[in-house]
Participant: 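Following this message is one structure expressed as structure tokens.
In what follows, chains are A, B, ... by sequence order, proteins preceding strands, each numbered from 1.
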Number of protein chains: 2
Amino acid sequence: MKNKTTKSSEDYLETIYLIKQKKRIVRVIDVARCLSVTLPSVTGALKKLSEKGLVKHTSYGEIELTENGEKIAKETWEKHKLLFALLHDIIGISENTAYKEACLIEHFISKETEEKIKQFLKRHKNK
Amino acid sequence: MKNKTTKSSEDYLETIYLIKQKKRIVRVIDVARCLSVTLPSVTGALKKLSEKGLVKHTSYGEIELTENGEKIAKETWEKHKLLFALLHDIIGISENTAYKEACLIEHFISKETEEKIKQFLKRHKNK
DNA sequence: TTTCAAAGTTAGTTATGACTAAGTTAGTAT
DNA sequence: ATACTAACTTAGTCATAACTAACTTTGAAA
């Protein structure tokens, strides 16, 4: 029952999740613009994500995350926020670079690392 | 003249560089074991790296880095060491996890980030 | 010097995930 | 109601980078 999520899947789920916060209805073109990919790339990705039970998507319709999909999206976004805080607030990397690199690194850090960063940030908040 | 190096190429170059520090002669099987890939994967990778002028490799012979190849290997390893110090020494992540994740993250950080981490570590050395 | 096992190569396959080209759908404007 | 356009899908291609199977080379032991 090992359902390994790829970097790419996590990116799509996270993007859908973030668009949903602002737009109520998420469409293929929104995702394509956010990720700088073409429409067919999104359609293809959604097909795979549907098969894995991570999104609901009817042809020409709106895109929604399933419970599992939203769980992964939130976890990924959580990592992103932690990494951004570390890179930007603590280490002093520019907002832009920190955002972009958090987006790349978020796919590679373990639960252990996430926890340790969280604790580290807590310690350094009141400094 | 944009010679983009992939994550995979960087891994091979870095591995060859590190083996060379210990073994004088680097062989296909050493690289395969280090990276946990098969021999044909290494042969294939070396062919591409040769074409890009990053390694010298004669059939059934030893593997050597060119000047350019060594430059990339050193840069990658430098990032690895910085990330390891950040993750392990500062944030407190276990040696094993820190090493593995530094190895993944090293391919995604910019010169800016590298510099900022270096400065950060310097500041926190005398603490 | 012959043989044989380990190392290495070649050829062909697979998976992922992007792309273009071409065709379909659906909703807005007339 | 019709037509038009933006959004979307389908089909097929390409690049990367791994893999297995089968064959070749090399060097060390007999």
Participant: Whole Å only: how far is the NZ atom of B/Lys48 from the P atom of C/dT10?
Facilitator: 14 Å
Participant: I need the CG-C1' distance between B/Leu46 and C/dT10, as an integer number of Å.
Facilitator: 14 Å
Participant: For the pair made of NZ in B/Lys7 and P in C/dT16, what is the distance, rounded to whole Å?
Facilitator: 17 Å
Participant: B/Glu51 has an atom CD; how far is it from atom P of D/dA17, in whole Å?
Facilitator: 13 Å
Participant: May I have the distance from A/Tyr12 (atom OH) to C/dA18 (atom P), rounded to whole angstrom?
Facilitator: 4 Å
Participant: Start at the 5' end of DNA chain C and walk down; is the nucleotide closest to B/Lys47 or to B/Arg33 reached first?
Facilitator: B/Arg33
Participant: Give a yes/no answer on whether the side chain of A/Ser59 brings an N or O atom under 4.0 Å of OP1 or OP2 in C/dT25.
Facilitator: no
Participant: May I ask you to check whether over 12 heavy atoms, not counting those of B/Glu67, lie within 6.0 Å of atom CD?
Facilitator: no
Participant: Strictly below 4.0 Å: does A/Ser41 bring a side-chain N or O up to OP1 or OP2 of C/dG17?
Facilitator: no
Participant: Would you mind checking if B/Glu78 and B/Lys74 are paired as a salt bridge, meaning a charged N to carboxylate O distance below 4.0 Å?
Facilitator: no
Participant: Is the side chain of A/Arg27 donor-acceptor paired with the backbone N or O of A/Tyr60 at a distance under 3.5 Å, no angle test?
Facilitator: yes
Participant: Give the rounded distance in Å between these two atoms: CG of A/Asp11 and P of C/dT16.
Facilitator: 16 Å
Participant: Among D/dA17, D/dT10, C/dC19, which nucleotide has an atom closest to any side-chain atom of A/Thr43?
Facilitator: D/dT10
Participant: Report the distance from atom CD1 of A/Ile117 to atom CD of A/Glu112, rounding to the nearest 0.5 Å.
Facilitator: 10.5 Å
Participant: Closest to the A/Thr6 side chain: D/dT10, C/dA18, C/dG17?
Facilitator: C/dG17
Participant: Does A/Val42 sit in a hydrophobic cluster with other residues, and if so which ones, taking ILVMFWY side chains as linked at heavy-atom separations under 4.5 Å, directly or through other members?
Facilitator: A/Tyr12, A/Leu13, A/Ile16, A/Tyr17, A/Leu18, A/Ile19, A/Val26, A/Val28, A/Ile29, A/Val31, A/Leu35, A/Val37, A/Leu39, A/Leu46, A/Leu49, A/Leu54, A/Val55, A/Ile63, A/Leu65, A/Ile72, A/Trp77, A/Phe84, A/Tyr99
Participant: What nucleotide among C/dT9, C/dT25, C/dC19 has an atom nearest to a side-chain atom of A/Tyr60?
Facilitator: C/dT25
Participant: If you define the side chain from C-beta out and look only at heavy atoms, does anything of B/Glu75 sit under 4.5 Å from B/Lys79?
Facilitator: no
Participant: Looking only at side-chain atoms of A/Thr38, point me to the closest of C/dC19, D/dC19, C/dT9.
Facilitator: C/dC19
Participant: So if I take residues 14-31 of chain B and measure heavy-atom distances to DNA chain D, which residues fall below 4.0 Å?
Facilitator: none
Participant: State whether A/His57 places a side-chain N or O below 4.0 Å from either non-bridging phosphate oxygen (OP1 or OP2) of D/dT9.
Facilitator: yes
Participant: Between atom NZ in B/Lys52 and atom P in D/dT16, what is the gap in whole Å?
Facilitator: 7 Å
Participant: In whole angstroms, how far is the C1' atom of D/dT5 from the CG atom of A/Leu39?
Facilitator: 14 Å
Participant: Inspect the contact between B/Lys48 and B/Glu51 and indicate whether a charged nitrogen and a carboxylate oxygen are less than 4.0 angstrom apart.
Facilitator: no
Participant: Can a side chain N or O of A/Ser8 be found less than 4.0 Å away from OP1 or OP2 on C/dA18?
Facilitator: yes
